[in-house]
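Working notes, structure below.
Numbers restart at 1 for each chain; the letters A, B, ... are given by sequence-line order, proteins then strands.
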2 protein chains.
Amino acid sequence: MTGPLETGPTGGAPPAAAPFDAELIAVVAAVTARMPRVLTLETGRSLPSGPFESAHRSLQSGVRSWVERQTHHPLGHIEQLYTFADRDRLENSGPRRVISVSYLALTLESRMDPDPGVGWWSWYRYFPWEDHRQGPPPVLGPILDALERWASHGATAAERRMRRGRCRHAFRVEGHGWNEEWVLQRYELLYEASLIAEARRRNRDAANGGDPLRTGEAMVQDHRRILATAIARLRAKIKYRPVVFELLPPSFTYLELQQAVEAIAGLKLHKQNFRRLMIQQKLVEPTGTIESRTGGRPARRYRFRRDVLMEQAPGGSRLPQERGGRRI
Amino acid sequence: MTGPLETGPTGGAPPAAAPFDAELIAVVAAVTARMPRVLTLETGRSLPSGPFESAHRSLQSGVRSWVERQTHHPLGHIEQLYTFADRDRLENSGPRRVISVSYLALTLESRMDPDPGVGWWSWYRYFPWEDHRQGPPPVLGPILDALERWASHGATAAERRMRRGRCRHAFRVEGHGWNEEWVLQRYELLYEASLIAEARRRNRDAANGGDPLRTGEAMVQDHRRILATAIARLRAKIKYRPVVFELLPPSFTYLELQQAVEAIAGLKLHKQNFRRLMIQQKLVEPTGTIESRTGGRPARRYRFRRDVLMEQAPGGSRLPQERGGRRI
DNA sequence: CCCACTTATACTCATAATGAGCATTACATG
DNA sequence: CATGTAATGCTCATTATGAGTATAAGTGGG
């Protein structure tokens with residue numbers, strides 16, 4: 001519809017605006033063998049995607065049907081991520097501008113034998129600097145060095161200062177201040193510094209001496225950026241909404257639950273406190289069954305209390321309330 | 001681009017998909033005279049909007065240019081809200097399907113004399129049940145009654161139970177459990193119960209006895225739903241990111257700051273604790289000036305420390321960390 | 001000048017949440 | 001039965017939060 005000032009409230013004839021192609025892109029996430037994974041096509045080079053069609057009832061149903069058509073994997077929980085339409089986003093686009101709507105879906109990894117090229121790949125294959133479960137990963141050192149080199153090549157003193165500030169902020173070098181949520185900021189910084197294959201591909205240059213620092217596998221177009229957006233969103237969301245359970249089988253032990261969270265966050269957590277948090281929040285209940293293949297004392301199995309989705313108070317309020325406490 | 005399985009990695013020819021119209025819609029928010037306000041056209045009936053055009057570099061720049069063209073109001077902070085494209089969303093749409101990308105912008109209300117029809121309206125004119133600063137608003141009683149009536153008219157016992165559950169959840173009647181963030185859920189519930197003018201307009205019915213309960217002013221198309229989405233987002237975000245400051249002049253007193261937060265959240269806050277929170281978080285610093293028109297003891301004025309945007313740790317982690325505390 | 005009145009600002013105190021770690025329990029295996 | 005491994009239970013200091021009380025510093029009216 002045109003701006004109401006021009007054509008009046010109820011729309012009238014559609015504007016003579018250029019038509020667009022609309023594309024749907026899905027980041028389908030799962031966790032298996034302690035690794036967060038994403039469903040990919042072309043042997044890990046692209047995310048499931050396809051045009052939004054008039055036959056689709058909604059964007060969401062369009063995403064579902066494309067993913068199922070391309071990967072034969074049904075989707076559970078799904079949420080909108082972001083819509084991209086920058087002019088120079090796509091390298092070899094056709095005559096028409098493309099609007100891409102991306103979605104994040106959470107599922108259990110399927111066992112079925114996949115179509116050729118379809119597979120589940122670890123996130124950290126694309127973002128090796130993001131997995132801090134064994135402490136800072138080895139790639140981080142060279143990356144920081146390369147970033148420092150990039151920063152020191154800024155044109156003006158102000159720019160150099162600005163670049164250093166951004167690096168310090170995104171990577172929090174000094175004082176173990178790693179912030180697992182800033183996935184996108186880190187990716188964009190590396191992109192800008194031409195330390196990402198996609199950036200070099202686009203600029204047809206090889207800044208920083210052409211040394212192909214191992215900054216993870218590349219993807220088609222801006223799919224890797226979309227994946228970074230998805231990871232950032234999931235890492236943030238996992239803290240204030242019970243979404244991990246979408247990635248777990250119906251019953252699980254505390255350790256399995258914790259390892260799923262750790263895989264996503266890319267961090268190690270304190271076991272006893274994690275357990276206490278689970279107990280306090282009353283998100284799970286024991287199934288009564290016991291898992292004995294633990295290697296040590298057998299563990300109780302739990303299930304997610306689906307009913308809490310209805311009673312849940314929202315994430316931690318940062319506001320000092322008047323009148324008796326809400327907050328769960 | 002087509003799904004890679006069909007056309008190969010680099011895209012190739014664009015698919016023969018139906019083209020779409022793309023529309024941009026802006027929710028521009030400000031706070032004045034203790035009221036949260038939204039910039040509207042047509043005397044409050046619609047939000048600024050316009051077609052996304054090939055000339056626009058990005059979605060964001062498209063939004064900026066439309067809002068400035070229609071309202072002569074420049075935008076500051078701006079973020080993407082949601083993308084809508086359900087088939088039956090628009091009432092009198094043209095032959096082509098429309099994809100609407102909505103944005104939320106935060107500004108200071110401008111003083112300039114506006115174009116005809118352009119104006120700032122209180123949110124609570126559209127959502128009178130959302131302002132709990134003076135306790136539960138009077139509309140709430142009749143609304144809950146009407147919802148109960150709607151729930152009791154469910155076809156099956158299961159549906160009636162489900163409806164009651166959703167009402168209890170969204171409005172938290174028993175035990176003062178009002179959750180200010182569930183704006184959208186409440187709106188959608190009222191819509192479904194045909195207690196919202198837009199719903200009745202669309203269904204051409206007057207369920208619930210045709211009694212036109214005062215459930216706020218209507219808007220064109222689904223603009224009110226978009227506004228609800230924006231309010232929900234802002235109410236949530238204000239708690240974990242320092243966005244209030246985008247709505248305030250460069251310097252302000254603690255009370256002004258608190259009242260802005262209260263206006264948005266629709267809640268009264270505890271003054272002393274609010275102050276303590278501000279001090280702890282070190283988000284502001286005194287300007288050295290004093291505001292004496294307070295009616296009581298003069299108040300110090302503060303300014304937002306823009307540099308914290310760079311050092312800020314993200315909102316309250318719900319994860320029990322290993323290794324020395326991050327968390328600010 | 002003293003008054004009541006208003007808002008700002010400073011503290012207090014009980015309770016809850018969090019980070020860190022020690023201790024005990026219950027299995028499997030040799 | 002000893003040993004290893006993980007599960008589970010508890011403690012303790014620190015910090016954050018909710019709910020106040022107390023004091024300060026202006027205003028305008030007598």
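Candidate nucleotides dA10(C), dA20(C), dA7(D) were compared by shortest atom distance to the side chain of Arg275(B), and dA10(C) ranks first. Here the nucleotide nearest the side chain of Ala299(A), chosen from dA7(D), dA20(C), dC27(C), is dA7(D). Counting only heavy atoms from C-beta on, Pro298(A) has its side chain closest to dC27(C) among dC27(C), dT7(C), dG21(C). Among the nucleotides dA6(D), dG19(C), dA24(D), the one closest to the side chain of Arg297(B) is dA24(D). Side-chain proximity of Gln280(A) to dG19(C), dT18(C), dG20(D): nearest is dT18(C). When distances run from any side-chain atom of Leu277(B) to the nucleotides dA19(D), dT7(C), dT17(D), the shortest one goes to dT17(D).
Between Leu269(A) atom CG and dG21(C) atom C1' the separation is 16 Å, expressed in whole Å. Leu257(A) has its CG atom 18 Å from the P atom of dA6(D), to the nearest Å. Atoms CZ (Arg301(B)) and C1' (dA8(C)) sit 14 Å apart, rounded to a whole Å. Distance CZ (Arg293(B)) to P (dT27(D)): 12 Å, rounded to an integer number of Å. The nearest whole Å value for the distance from the CG atom in Asn273(A) to the C1' atom in dG21(C) is 9 Å. Residue Ile290(B) contributes atom CD1, which lies 8 Å from atom P of dG26(D) at whole-angstrom precision. When rounded to the nearest whole Å, the span between NE2 of His270(B) and C1' of dT9(C) equals 13 Å. In this structure, Phe274(A) atom CZ and dT8(D) atom P are separated by 13 Å, rounded to whole Å.
Nearer the 5' end of DNA chain D, as judged by each residue's closest nucleotide, is the contact made by Gly295(A), out of Ile279(A) and Gly295(A). Projected onto DNA chain C by closest heavy-atom contact, Ser292(A) and Glu256(B) fall at different nucleotides, the more 5' of which corresponds to Glu256(B).
At a cut-off of 3.5 angstrom, counting only N and O atoms as typed in the model, there is no donor on one side facing an acceptor on the other between the side-chain of Arg276(A) and the base of dG9(D). One N or O donor and one acceptor, one from the side chain of Gln272(B) and one from the base of dT21(D), sit under 3.5 Å apart.
The distance from the CZ atom of Arg133(A) to the CG atom of Leu269(A) is 10.5 Å, given to the nearest 0.5 Å.
Ionic pairing of Arg293(B) and Glu291(B) is present here: one or more N-O contacts between side-chain nitrogen and carboxylate oxygen are shorter than 4.0 angstrom. A salt bridge links Glu256(B) with Arg301(B); the closest basic N to acidic carboxylate O contact falls under 4.0 Å.
Contact annotation: Arg300(B) reaches the phosphate of dA10(C) (side-chain N/O to OP1 or OP2, under 4.0 Å). A close approach under 4.0 Å does not occur between any side-chain nitrogen or oxygen of Lys271(A) and OP1 or OP2 of dA6(D).
Tyr302(A) and Phe252(A) have their aromatic ring centers separated by at least 6.0 angstrom.
Counting only heavy atoms from C-beta outward, the side chains of Trp120(A) and Val28(A) approach each other to under 4.5 Å.
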